[in-house]
2 protein chains.
Amino acid sequence: MPSSREQFKVLLRTNGLKITNQRIAILEVLSNRPGKHLTAEEIYEYVREEHPEIGLATVYRTILLLSELNLIDKLNLGDGYVRYEISAKRHEENSHHHHHLICLECGNIYAFQDDLLENLEAKIKDTLGFEVMDHEVKLYGHCKKCIDKKSEEI
Amino acid sequence: MPSSREQFKVLLRTNGLKITNQRIAILEVLSNRPGKHLTAEEIYEYVREEHPEIGLATVYRTILLLSELNLIDKLNLGDGYVRYEISAKRHEENSHHHHHLICLECGNIYAFQDDLLENLEAKIKDTLGFEVMDHEVKLYGHCKKCIDKKSEEI
DNA sequence: TTGTGTATTGTTAACCTTTCGCATCAAAAC
DNA sequence: GTTTTGATGCGAAAGGTTAACAATACACAA
């Protein structure tokens with residue numbers, strides 16, 4: 001997506017930030033893998049394929065930058081790694097937040113859309129006066145593939 | 001709650017685990033603070049008030065144990081600390097899972113109950129074949145106290 | 001283009017939470 | 001009381017992430 005790359009350059013420029021090959025390369029690693037939840041180390045490995053001279057610290061610094069620009073989303077599964085994916089807004093028509101289904105057996109992560117939280121957030125605002133800005137929903141369980149595999153074994 | 005302590009002893013015994021002062025002390029630190037979300041370091045500090053000889057490793061080992069026995073719940077806010085609280089089942093009548101409201105300004109954590117996810121989980125099972133076992137919902141925003149404080153300043 | 005100022009980078013070390021290894025200790029069983 | 005075996009405490013190590021700092025390269029103006 002060359003247009004996405006141009007948008008990124010504009011975004012950097014308008015924020016007084018410099019356009020560097022490293023920043024473009026890192027954003028592209030994530031852009032080219034929508035729905036993938038990459039750790040910093042994985043991003044580092046992918047970027048090194050094209051830019052072997054890049055440093056791990058630059059990956060971390062750029063991740064932080066992209067996160068602040070809302071170009072990527074953070075996902076913490078509590079397994080010791082923080083994961084990142086290109087923001088849904090970048091590659092989908094609607095800008096709905098999506099939630100995550102995490103399989104306890106194979107570790108795969110599935111996304112699904114649902115706006116059921118919007119009702120809830122309105123209710124919370126009314127009853128508690130708490131104004132929700134963002135949310136994170138993680139559902140843990142067993143995916144269809146693993147359930148099917150297990151029933152075959154029996 | 002002496003009965004809770006006796007229940008804990010029975011639970012340890014029936015699992016072939018030894019009853020130690022350290023384990024009881026750590027559970028009590030959490031039991032005495034329902035709704036508080038303590039880091040391992042904080043638990044360590046509280047336990048040391050009564051048992052100065054205790055080691056940090058024991059705190060971590062006991063936290064793991066209590067977590068496996070479902071006596072405490074884990075909460076990861078992504079701020080570099082894993083937090084723990086006594087399981088709602090231990091001090092509330094109903095055994096409903098509760099969710100967390102996290103204030104982005106003061107950092108306070110509020111709990112709320114809602115079973116809206118049960119419908120959703122049934123829907124996910126039907127449409128995707130994914131069987132949800134557990135869930136974690138975190139809502140980030142601004143709490144009433146902080147909103148009020150800000151409006152006073154203006 | 002070329003030069004200059006400044007943000008960015010790469011390297012390495014430091015940080016911080018959590019886990020491991022192992023000798024010692026104490027709870028449970030005999 | 002003795003034995004057995006799991007639990008503890010200490011210190012070191014692990015592992016992901018951040019900081020320090022000199023070197024580099026981008027942006028901008030001449």
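Below, chain A is the first sequence line, B the second, and so on; all start at residue 1. A quick note: this is a predicted structure, and the numbers were derived from the prediction, not measured.
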Roughly how far apart are A:I72 CD1 and A:S31 OG, rounded to 0.5 Å?
10.0 Å
Less than 4.0 angstrom between a side-chain N/O of B:Q22 and OP1 or OP2 of D:dG9, yes or no?
yes
Report yes or no: do A:H142 and A:E105 form a side-chain donor-acceptor pair below 3.5 Å?
yes
Between P of C:dT8 and CD1 of A:I26, the distance in whole Å:
13 Å
Which letters describe nucleotides 14-20 of chain C, given B = protein heavy atom under 4.0 Å from base, S = only from sugar-phosphate, - = neither?
---SBBB
dist B:L38:CG -> B:L30:CG (nearest 0.5 Å) comes out at 5.5 Å
Would A:R33 count as a cation-pi partner of A:Y46, with NZ or CZ less than 6.0 Å from the six-membered ring centre and within 45° of the ring normal?
yes
Scan side-chain atoms only and decide if B:H100 and A:E136 contain a donor-acceptor pair under the 3.5 Å cut-off.
no
Please report, rounded to the nearest Å, how far the C1' atom of D:dA14 is from the CG atom of A:D79.
16 Å
Note down the inter-axis angle between the two ends of the helix from C:dT1-D:dA30 to C:dC30-D:dG1, five pairs each, to the nearest 10°.
30°
NZ/NE/NH1/NH2 to OD/OE distance under 4.0 Å, B:R5 and B:E28:
yes
Under a 4.0 Å threshold between the charged nitrogen and the carboxylate oxygen, would B:K149 count as salt-bridged to B:E152?
no
Can you tell me the distance, in whole Å, between the CD1 atom of A:I63 and the C1' atom of D:dT17?
10 Å
Protein-to-nucleotide contact annotation, 5' to 3' order, nucleotides 23-30 of chain C [B base; S sugar-phosphate only; - none; under 4.0 Å, heavy atom]:
---BBS--
Rounded to the nearest Å, what distance is computed from the CD1 atom of residue A:I54 to the P atom of nucleotide D:dA25?
13 Å
A:L128 side chain near B:K144 side chain, heavy-atom distance below 4.5 Å:
no
With distance as the sole criterion, is a donor-acceptor pair present between the side chains of A:E121 and A:H135 under 3.5 Å?
yes
From CG of B:L65 across to C1' of D:dG6 the rounded distance in Å is 12 Å
How do A:R23 and A:R48 order along DNA chain C: which one's closest nucleotide is nearer the 5' end?
A:R23
Does some side-chain heavy atom of A:L75 sit less than 4.5 Å from a side-chain heavy atom of A:Y84?
no
Got a second to check how far A:C143's SG is from A:I102's CD1, nearest 0.5 Å?
12.0 Å
